[in-house]
> 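After the structure tokens below, expect a handful of questions from me.
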There are 2 protein chains.
Amino acid sequence: MPDPMYRRIADDLRDKIESGALPNGSQLPTEIELRERYDASRNTVRDAMKWLITRGLVETRPGQGTFVVDKIVPFVTQLTGDPGTGRDDEGPVYVAEVEATRREPTSTEPRVEIQQAIGVVQSQLKLPDSSTVVSRHQQRYIDGTPWSLQTSFYPMSLVERGAIKLIQATNIDEGAVAYLGTRLGLRQVGYRDKVTVRAPDSNETAFFKLPDDGRVAVFEVQRVAFDDLVQPFRLTISVYPADRNQFAVSVGQVPDDVRGHR
Amino acid sequence: MPDPMYRRIADDLRDKIESGALPNGSQLPTEIELRERYDASRNTVRDAMKWLITRGLVETRPGQGTFVVDKIVPFVTQLTGDPGTGRDDEGPVYVAEVEATRREPTSTEPRVEIQQAIGVVQSQLKLPDSSTVVSRHQQRYIDGTPWSLQTSFYPMSLVERGAIKLIQATNIDEGAVAYLGTRLGLRQVGYRDKVTVRAPDSNETAFFKLPDDGRVAVFEVQRVAFDDLVQPFRLTISVYPADRNQFAVSVGQVPDDVRGHR
DNA sequence: GGGTATTTGTCCGTATGTATT
DNA sequence: AAATACATACGGACAAATACC
């Protein structure tokens, strides 16, 4: 009793891809040809295609055909750094070099909103009920391609204490942490990241130009920053497509290079 | 001209799920009922189901029906710690508390193999061609449920220098790093992790009991450990199901609790 | 620009198998 | 054993995207 036919077809094609008989970027036979070759119906062949698509092995282009996917060179993002620096300005991360070429990140001007603190925002920032927060949302690009969606949340009390730049819809050039340091004497002594993976929502699918069949997941990185009283004062949520990003964590003494190595 | 019908059906059901009209764990109408309700064919209804399944919103149980998935309480794994400790014994990580109850990890005795160093193993350990490595593979459980698959690679030269426990198929109780410290005077001064996400292979699908439609991805964490000459001496590759795991990174001074908070 | 052939996308109906209750 | 519900597979039709002449 073998597996279902669509699985046998998919396994056979997967073997051909992994053995190199179907090289990267090459075109698969059309669904009609595969239908004849495997003596199955076109719908069954298409079920096999869906299995391969889900695993990121092939992609279909309407009007053209089905192709073996090209390997993507991932962006590497360093999660660890100097906890006191403002280097991670609007964002929770700074970019490490990728494959020898240093790519330059750009980002849109922030969209600023005043919101009620609910859910993770409230719990991570340890705010009482009915608190308000400033939300600063940005779209970030590397070399012009969409790279991450990022939203930082600050307790409204920081603005009331004088950090008015937080509610201005312009980038804070010196970095938000550095600004809060000079403006309020607030010192970041550490932060904590949480990395999870989930399916993208429709906004993310559109911004990252992900296939809308949901096969590409997104990383969600939550960074909570703490001041010298070890109280949280900022929550940043960053979202990255999982198919072209990876994260590096360094502890102790390690060599410099953070190359791809794949 | 709206979206395809299967997307409209899927969107409508997704709205019902996210609004709470279809609560967690509840059963959806059967495909036949949905066929009548949306005036579509059963195959089209099933296309909508596949879309929802891919996004982890519902699950089907043959003979029973389709159900809204229950939220999973994730395991939290701390990636940062004392670089010099042997606390992370066979594995690259140690377990943080999850939801107040401290769960106990167990693992199988390691399966030990001698292999050629190729690919990432060779490049990360910076070994010349035709080097051999010791591979120690373990299955790890938390409270009896499969949690991670883990393989550590050590240059064969460590065994030749006297670290014979590495080629014994038993756990190294004091921790591999501590053992290498006392046996060879080898000191770990740091390590670097790389976190990626990919589709599971068939081994992983079987061990973690993942649905074989490939909708659940896996985390792959590569940890390279460095000695006091900042040379790599161990590579550990750990794989975790992405739907029930998350990773925490602490930098600087942060509070203790690493709770789920979701 | 227009027209045509090719290829994948969507949708239908039907039949049969398999798992669960 | 029977009923229910999802899984697999078939065949057909038309639409939409793309490439080429």
Side-chain angles (χ1 to χ4, degrees), chain A residues 1-14 17 22 25-69 205 209-216, chain B residues 1-14 17 22 25-69 205 209-216:
Chain A
M1 312 331 126
D3 286 331
M5 187 183 304
Y6 80 95
R7 285 284 272 117
R8 293 211 311 275
I9 297 173
D11 285 344
D12 188 58
L13 289 170
R14 187 198 53 190
I17 292 169
L22 289 167
S26 65
Q27 182 170 7
L28 272 66
T30 68
E31 293 173 354
I32 305 297
E33 287 170 325
L34 292 172
R35 185 184 81 95
E36 291 159 0
R37 177 173 313 180
Y38 291 105
D39 194 32
S41 79
R42 185 178 159 229
N43 279 329
T44 301
V45 169
R46 282 176 62 73
D47 283 344
M49 290 304 161
K50 284 173 190 161
W51 194 91
L52 294 169
I53 289 170
T54 304
R55 284 156 185 75
L57 293 172
V58 305
E59 64 184 350
T60 55
R61 301 176 203 155
Q64 290 187 260
T66 306
F67 299 83
V68 181
V69 296
T205 300
K209 299 182 178 54
L210 298 178
D212 79 323
D213 58 8
R215 68 175 183 270
V216 177
Chain B
M1 293 307 90
D3 288 330
M5 188 185 303
Y6 79 97
R7 285 284 271 118
R8 295 210 310 276
I9 297 173
D11 285 344
D12 187 59
L13 290 170
R14 187 199 53 190
I17 291 169
L22 289 168
S26 65
Q27 182 169 6
L28 272 67
T30 69
E31 294 176 351
I32 305 297
E33 287 171 324
L34 291 172
R35 185 184 84 95
E36 291 159 0
R37 178 172 313 180
Y38 292 104
D39 195 30
S41 82
R42 187 177 155 235
N43 281 331
T44 302
V45 169
R46 283 177 60 73
D47 284 344
M49 290 303 161
K50 284 173 191 162
W51 193 91
L52 294 168
I53 288 171
T54 305
R55 283 155 185 76
L57 293 173
V58 305
E59 64 184 352
T60 55
R61 300 174 203 157
Q64 290 186 262
T66 306
F67 299 83
V68 181
V69 295
T205 300
K209 297 182 178 56
L210 298 178
D212 79 325
D213 57 8
R215 69 175 182 272
V216 176

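In what follows, every chain begins at residue 1, and chains take the letters A, B, ... in the order their sequences are listed.
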> Tell me, which of residues 45-58 of chain B have any heavy atom that sits under 4.0 Å from an atom in DNA chain C?
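The stretch gives none, as no residue of it lies under 4.0 Å from the strand.
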> Mind checking side-chain contact (heavy atoms from CB on, under 4.5 Å) for Thr54(A) and listing every partner two or more places apart, or none if nothing turns up?
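side-chain contact (heavy atoms from CB on, under 4.5 Å) list for Thr54(A), sorted by chain: empty.
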> Can you identify which nucleotide, out of dC10(D), dC6(D), dC11(C), has its nearest atom closest to the Ser41(A) side chain?
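Within the option list, the nearest is dC10(D).
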> Run the side-chain contact (heavy atoms from CB on, under 4.5 Å) test against Arg46(A) and tell me which residues pass, sequence neighbours left out.
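side-chain contact (heavy atoms from CB on, under 4.5 Å) check on Arg46(A) returns Glu31(A), Arg42(A), Asn43(A).
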> Mind calculating the distance between CD (Glu59(B)) and C1' (dA5(D)) to the nearest angstrom?
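It works out to 15 Å between those atoms.
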> Looking at Tyr38(B), I'd like to know if the NZ or CZ of Arg8(B) sits under 6.0 Å from its six-membered ring centre while staying within 45 degrees of the ring's axis.
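No, Arg8(B) does not sit over the ring of Tyr38(B).
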> Would you compute the distance between atom CD of Gln64(A) and atom CD of Gln27(A) and round it to the nearest 0.5 angstrom?
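Separation between the atoms: 8.0 Å.
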> Calculate, to the nearest 0.5 Å, the distance between atoms CZ and CG belonging to Arg14(B) and Asp11(B) respectively.
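Interatomic distance, Arg14(B) CZ to Asp11(B) CG, rounded to 0.5 Å: 4.5 Å.
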> Using atom CG of Asn43(A) as one end and atom P of dA9(D) as the other, report the distance to the nearest whole Å.
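Going from CG in Asn43(A) over to P in dA9(D) covers 11 Å.
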> How many whole angstroms separate atom CZ of Arg7(A) from atom C1' of dA9(D)?
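It works out to 16 Å between those atoms.
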> May I have the distance from Arg42(A) (atom CZ) to dC10(D) (atom P), rounded to whole angstrom?
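Rounded to whole Å, this separation is 13 Å.
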> Near DNA chain D, counting only heavy atoms under 4.0 Å, which residues of residues 27-37 of chain B show up?
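Hits under 4.0 Å, by residue number: Thr30(B), Glu31(B).
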> Does dT10(C) have OP1 or OP2 sitting under 4.0 Å from an N or O in the side chain of Thr44(B)?
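No, outside the criterion.
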> In this structure, how many angstroms lie between the P atom of dT18(C) and the CE atom of Met5(A), rounded?
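That distance rounds to 13 Å.
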> Distance from Leu52(B) atom CG to Leu28(B) atom CG, nearest 0.5 Å?
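With rounding to 0.5 Å, CG (Leu52(B)) is 7.5 Å from CG (Leu28(B)).
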> On a heavy-atom basis, which atom in Ala10(B) and which in Trp51(B) lie closest, and how many Å separate them?
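Closest heavy-atom pair between Ala10(B) and Trp51(B): CB-CE3, 3.6 Å.
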> With a 4.5 Å heavy-atom cut-off, do Thr66(A) and Met49(A) have their side chains touching?
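Contact flag for Thr66(A)/Met49(A) side chains = yes.
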> Could you go through the side-chain contact (heavy atoms from CB on, under 4.5 Å) check for Val45(A) and Ile32(A) one step at a time?
CA-CA 9 Å; Val45(A) 169; Ile32(A) 305 297; over 6 Å; no
> What's the spacing between Thr44(A) OG1 and Arg35(A) CZ if we round to 0.5 Å?
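If I round to the nearest 0.5 Å, the distance is 10.5 Å.
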> Counting just side-chain N and O atoms, does Thr60(B) come under 4.0 Å of either OP1 or OP2 of dA7(D)?
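Yes, within the criterion.
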> Who is the Watson-Crick or G-U wobble partner of dA1(D), with both distances under 3.5 Å?
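Across all strands, not a single nucleotide pairs with dA1(D).
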> Listed by chain and number, what are the side-chain contact (heavy atoms from CB on, under 4.5 Å) partners of Pro29(B), not counting sequence neighbours?
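Applying side-chain contact (heavy atoms from CB on, under 4.5 Å) to Pro29(B) gives Glu33(B), Leu34(B), Arg37(B).
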> Any N/O pairs under 3.5 Å between the protein and nucleotides 19-21 of chain D? List them or say none.
| from | atom 1 | to | atom 2 | distance (Å) |
| --- | --- | --- | --- | --- |
| dA19(D) | OP1 | Gln64(A) | NE2 | 3.3 |

> Within this structure, what is the CZ-to-P distance between Arg61(A) and dT6(C), rounded to whole angstrom?
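That distance rounds to 20 Å.
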